[in-house]
Structure formats: structure tokens, C-alpha cells
Number of protein chains: 2
Amino acid sequence: LITLQEVRKRYLLGDNVVDALRGVSLSINRGEYVALMGPSGSGKSTLMNTLGCLDRPTSGSYLLDGQEVTTMSLEERADLRNKKFGFVFQNFNLLARANALENVELPLIYARRYTSRQRREKATEVLNRVGLGERLDHRPAQLSGGQQQRVAIARALVNDPAIIMADEPTGNLDSKTSEEVLALFRELNKQGNITVIMVTHEPDVAQHADRLLLLRDGAIVQDTTDMKQ
Amino acid sequence: LITLQEVRKRYLLGDNVVDALRGVSLSINRGEYVALMGPSGSGKSTLMNTLGCLDRPTSGSYLLDGQEVTTMSLEERADLRNKKFGFVFQNFNLLARANALENVELPLIYARRYTSRQRREKATEVLNRVGLGERLDHRPAQLSGGQQQRVAIARALVNDPAIIMADEPTGNLDSKTSEEVLALFRELNKQGNITVIMVTHEPDVAQHADRLLLLRDGAIVQDTTDMKQ
Ligand SMILES: Nc1ncnc2c1ncn2[C@@H]1O[C@H](COP(=O)(O)OP(=O)(O)OP(=O)(O)O)[C@@H](O)[C@H]1O
Ligand SMILES: Nc1ncnc2c1ncn2[C@@H]1O[C@H](COP(=O)(O)OP(=O)(O)OP(=O)(O)O)[C@@H](O)[C@H]1O
Ligand SMILES: [Mg+2]
Ligand SMILES: [Mg+2]
């Protein structure tokens with residue numbers, strides 16, 4: 001499904017150079033559940049942005065379902081993103097002026113194959129699944145941190161994506177709500193054969209995955225299916 | 001130091017009423033290290049905003065060093081905040097157009113008793129303490145999630161506050177960086193006699209405190225110094 005070859009990402013800030021990714025190569029098959037861990041600043045979100053087609057690498061190759069993503073146009077990548085990916089961002093990226101329901105409907109509007117009633121039903125259903133049925137009309141500023149995070153999770157799932165990219169999806173959730181979200185991911189992965197790639201800094205959360213990638217200074221230093229460490 | 005009596009917070013949203021705090025009473029003495037836990041949406045951030053004088057309760061009393069905060073003017077509360085509190089917000093609240101150094105200097109500018117050179121030195125020192133010495137000129141969008149969180153922590157500490165309010169301060173930090181931040185809080189608490197009130201959803205993090213408050217549906221359901229549970 002996914003093949004990265006020698007992917008590099010360099011940021012230029014005035015005279016400074018930050019090499020956020022330093023030659024990352026990896027393969028991920030359909031239906032895998034991968035946890036991505038590593039120190040703060042090691043390049044996890046940068047890697048997630050590359051995999052989710054949000055950002056182009058400075059160099060290297062990214063084959064997604066056999067297609068080379070790095071040479072696509074902005075529109076082609078945006079289209080691919082909407083079709084294949086559901087993305088839970090580390091800082092949520094919710095629209096401040098839209099309420100929970102409207103935020104979750106957004107990917108369905110972009111997909112252009114749902115009526116307005118279908119959008120409302122699908123968005124309401126997934127918001128109910130993450131326990132926010134009573135918060136549909138709240139805007140982000142009227143929601144708790146963990147509720148905002150769950151709106152971001154609902155938005156990532158509403159368009160039935162083939163690949164879920166989740167960047168610290170339980171960072172603001174108590175253990176019970178965390179378990180519910182992780183149970184939902186596991187169900188989508190095991191029964192829906194949906195590929196899940198999840199950044200987390202909590203070993204208990206990483207345990208839910210079948211494979212662990214460890215990043216350090218922009219490079220993969222460990223790639224294992226022995227989840228007991 | 002802090003006494004809350006029957007504090008309530010009610011939000012009105014159209015026809016809906018959300019009772020975020022339903023009669024919270026508690027006392028916190030100088031030098032205590034308190035962890036605040038509870039389910040997502042239980043009122044933790046609302047309680048933190050009340051304690052940190054960012055928001056006024058709908059009813060009830062808040063005595064801080066013997067002064068009634070609920071009857072103060074907006075300016076008096078802003079002054080009190082800057083003098084006594086350092087606040088790490090759950091969503092960081094950094095200025096997007098300022099870099100890390102400028103964000104951390106902000107409380108010092110408001111305090112109006114430092115030269116521009118003193119501000120730069122104090123801000124640089126605390127940013128170094130949280131491991132961001134090489135990121136001083138990066139703006140928030142050029143920082144990783146955990147780096148943004150550490151800028152927020154540095155900003156909370158730079159003005160040597162008497163009370164640190166930290167809302168999920170390690171939510172985006174790997175275990176090593178987390179430990180460093182918690183060690184810093186412990187040092188400030190044990191050696192500086194600084195009062196620390198910290199929201200967390202991780203039991204390992206809560207273990208660093210001496211007292212645990214458990215919130216559920218806007219009410220305190222447990223208040224214990226037995227940290228082994
Ligand atoms: N401005 C607002 N208008 C309406 N309701 C609000 C507003 N702000 C917060 N709420 C509601 O008040 C409740 C408490 O919110 P609060 O942010 O204190 O929760 P929390 O315990 O910090 O949750 P989390 O762990 O998810 O951060 C939530 O149910 C939230 O939806
Ligand atoms: N636009 C940018 N310009 C310059 N440097 C950047 C930019 N974005 C990120 N960086 C740097 O690239 C490095 C990797 O960032 P990234 O966000 O991928 O880290 P991360 O592993 O997700 O960290 P965290 O666990 O703290 O979220 C960091 O050191 C960061 O400062
Ligand atoms: Mg990140
Ligand atoms: Mg909160």
C-alpha cells in the first residue's frame with residue numbers, strides 16, 4: 001500500500017537548516033496497525049504529514065497504491081487525501097466558526113457525493129460514537145480539550161477512509177474515553193481492514209498496535225512487531 | 001492561600017444550559033502540589049480557569065490570599081494573574097506571529113519591571129531549561145507539538161510565579177521530556193515552595209503530586225493525599 005524510499009524533509013529558517021527527516025524508508029501493507037513513537041521533535045508529525053499527502057518531501061519517493069505521490073499536483077494530492085485518508089491532527093485543526101456537526105461534515109462536502117441530509121446523518125452518527133451527541137451545536141471554544149479532540153477524531157472517520165492517520169489521538173483523553181476511541185480504531189482495523197498509523201507517546205496506547213516504528217532525529221531506529229517492549 | 005466556596009459555572013448556549021461546575025468547595029495551602037483528574041468534559045479546565053482568575057464563576061466565593069476575587073474588576077484580576085500565576089494552557093495559546101523567545105518574554109513585558117536585556121536573558125534561560133535553546137527564533141508553526149507545549153511551559157515559569165497552573169502539561173511530550181518537565185515542577189515546588197496545580201489524565205504523571213482531586217460532572221468526588229491508588 002505505502003512505500004517510502006529515502007524520504008528527506010529539510011526546513012530552511014533564515015541561516016538555519018532543520019533536517020526533520022533524514023532518509024526514511026519503510027513499507028506499510030493494507031490493514032496494518034502501526035504505532036509511531038519517538039522523542040519530541042524527532043520528526044513524527046513531519047512523517048505523518050508526508051504519508052497523509054499534506055506535505056511534499058524535499059527528496060525521496062512515496063508510492064501509494066503504486067502511484068508516485070511526490071510528483072503529483074496540489075489538486076491531485078488534495079483529491080487523494082480526501083478519498084483515502086482520515087487525519088487526526090496533533091492540534092486538531094478545527095474550524096473555529098463552525099460547530100462540531102459542521103466541522104465533521106466538512107470532508108463529506110468535499111467528497112461531493114452526499115446529500116445534505118446524508119451528511120448530517122453520517123456526521124451525527126460518528127459524533128455519537130465518540131460520545132458527543134449532546135455537543136453537536138457547540139463551537140470549538142465551547143468544548144473541552146478532550147471534546148475538541150473527539151471532534152477531530154470523528155471528522156477523520158466520517159468519510160470511511162481506507163487509511164487513518166492519528167497524531168496523538170488520545171493526548172487529551174482520560175483513560176476511559178481513550179479506551180473507547182482505541183476500541184473504535186481496533187474495530188475499524190480488524191473488521192473493516194482499515195490501515196491505522198498512530199503517533200503516541202504513551203506505551204499503553206502503542207500496545208494496541210501490531211507494529212512499532214521508533215523515530216529518533218529524523219530517522220527510523222527500530223521497526224518491530226514485538227509489542228511487548 | 002486558596003479557598004473556593006460553592007463555586008458554580010454555568011454556560012448558556014441558546015436553549016441549552018451546561019453546568020460545568022456544580023458547587024465546588026476546596027482549600028489549597030501555599031506549597032501544595034495538587035493533581036486534578038477526571039473524565040473528559042468533567043470541568044477540570046473550567047476549574048483551572050476559575051482558580052487562575054481567567055474566568056469568573058457564575059456564583060460562589062474565591063478567596064486568594066484573603067482577597068475576594070469574584071468581586072474584582074477585570075483589570076484587578078489581570079494584574080493579580082500576572083503577579084501570582086503562571087498558566088500552561090491545554091491548547092498552549094501561543095501568539096502565532098511571535099517566535100518562541102518573544103512568546104516567553106510576554107509576561108515580563110506586562111510585569112513592567114525588566115529591561116529588554118533582562119527579559120531576553122530570563123526568557124532564554126527558561127527556554128534552555130526545557131531544551132529549546134536551538135528553537136528560540138522559531139514561530140509556533142515551525143515547532144513540533146511538544147516544542148510548542150514547552151514554550152507554553154517556559155512562558156508560565158518565566159516571571160517566577162507563586163502558583164503554577166498546568167493544564168495537561170505533558171500531553172504532547174515523550175516520557176523523557178515529560179520527566180524533565182515534571183522534575184522541574186518538583187524542584188520549584190520542593191525548593192521554591194511554589195504551589196503547583198496540575199491537570200493530567202495520566203496516573204504516572206499524577207503520582208508526582210502530593211494530593212489528588214477527582215472531578216466528575218462538575219463536582220469533586222475525591223480529595224486524597226493517598227497517592228498510591
Ligand atoms: N463556552 C462554553 N459554552 C458551553 N459549554 C462549555 C463552554 N466551555 C466548556 N463547556 C462545557 O463545559 C464542560 C466542562 O468543560 P471543561 O473544559 O472544563 O472540561 P475538562 O474536564 O477540562 O475536559 P477535558 O479533559 O476534555 O479537557 C464540557 O462539557 C464543555 O462542553
Ligand atoms: N516549518 C518548520 N520550519 C522549521 N523547522 C520545523 C518546521 N516544522 C517543524 N520543524 C522542526 O522539525 C522537527 C520535527 O518536527 P515534528 O513536528 O515532526 O516533530 P514531532 O516528532 O512530531 O514532535 P512532537 O512529539 O513534539 O510533536 C522539530 O525539531 C521542529 O522544530
Ligand atoms: Mg508532533
Ligand atoms: Mg480540559
Side-chain angles (χ1 to χ4, degrees), chain A residues 11-16 18 20 37-46 48-49 89-92 94 99 130-132 134-150 167-168 170-178 180-181 199-206 214-216, chain B residues 11-16 18 20 37-46 48-49 89-92 94 99 130-132 134-150 167-168 170-178 180-181 199-206 214-216:
Chain A
Y11 294 109
L12 301 163
L13 252 210
D15 299 334
N16 288 329
V18 177
M37 301 186 84
S40 175
S42 54
K44 305 180 295 298
S45 298
T46 304
M48 294 288 275
N49 290 343
F89 294 93
Q90 190 169 8
N91 60 355
F92 316 155
L94 301 178
N99 63 30
V130 295
L132 292 181
E134 318 239 311
R135 293 284 181 272
L136 301 182
D137 58 349
H138 286 231
R139 275 172 281 116
Q142 298 161 333
L143 292 171
S144 76
Q147 291 168 344
Q148 292 172 18
Q149 187 151 41
R150 282 179 278 160
D167 198 341
E168 297 278 0
T170 62
N172 284 284
L173 301 179
D174 56 283
S175 44
K176 175 160 176 293
T177 317
S178 226
E180 289 167 13
V181 164
V199 173
T200 181
H201 68 271
E202 293 180 59
D204 290 354
V205 172
L214 190 57
L215 211 57
R216 192 182 301 278
Chain B
Y11 293 110
L12 300 164
L13 254 210
D15 299 332
N16 287 330
V18 177
M37 299 186 85
S40 175
S42 56
K44 304 180 295 299
S45 297
T46 304
M48 294 289 275
N49 289 344
F89 293 94
Q90 190 169 8
N91 61 355
F92 315 155
L94 301 178
N99 63 31
V130 294
L132 292 180
E134 318 239 312
R135 293 285 181 273
L136 301 182
D137 58 349
H138 286 231
R139 275 173 281 118
Q142 297 160 336
L143 292 170
S144 78
Q147 289 167 345
Q148 292 172 18
Q149 186 151 42
R150 282 180 278 160
D167 199 341
E168 297 277 0
T170 63
N172 285 284
L173 302 179
D174 56 282
S175 44
K176 175 161 176 293
T177 317
S178 225
E180 289 166 13
V181 163
V199 173
T200 181
H201 67 272
E202 293 180 60
D204 290 354
V205 174
L214 190 59
L215 211 56
R216 193 184 300 279

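Throughout, protein chains are lettered first and strands after them, A, B, ... in sequence-line order, and every chain is numbered starting at 1.
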Minimum heavy-atom distance between A/Val199 and A/Met48, given as atom pair plus value:
CG2-CG, 3.5 Å
So, for B/Leu94 and B/Pro140, which heavy atoms are closest and what is the spacing to 0.1 Å?
CB-CG, 3.9 Å
Contact origin within A/Gln148 toward chain B - heavy atom pairs under 4.5 Å
neither
Top of B/Gly41, B/Ser40, B/Gly146 for chain A proximity - count of heavy-atom pairs under 4.5 angstrom:
B/Ser40
Can you tell which of B/Gly171, B/Ser144, B/Gly14, B/Ala20 has the highest number of heavy-atom pairs within less than 4.5 Å of chain A?
B/Gly171
Note, B/Arg150 side chain near B/Glu180 side chain (heavy atom, < 4.5 Å)
no
Flag the pair B/Arg139 / B/Asn99 as yes when at least one side-chain heavy-atom distance between them is below 4.5 Å, and no otherwise.
yes
When [options] are compared by non-hydrogen pairs under 4.5 Å with chain B, the top option:
options	answer
A/Val18, A/Thr177, A/Asn91, A/Leu143	A/Val18
A/Gln149, A/Lys176, A/Gln147, A/Gln142	A/Gln142
A/Gly43, A/Pro39, A/Ser45	A/Pro39

Examine distances only and state if a side-chain atom of A/Lys44 and a backbone atom of A/Gly38 form a donor-acceptor pair shorter than 3.5 Å.
yes
Backbone N or O of B/Glu168 within a donor-acceptor pair of the B/Gln90 side chain at under 3.5 Å?
no
Identify which part of [X] has an atom lying under 4.5 Å from any heavy atom of chain A, answering side chain, backbone, both or neither.
X	answer
B/Asn16	side chain
B/Glu134	neither
B/Ser42	neither

Who are the ring pair (Phe, Tyr, Trp, His ring centres under 6.0 Å) partners of B/Phe92, not counting sequence neighbours?
none
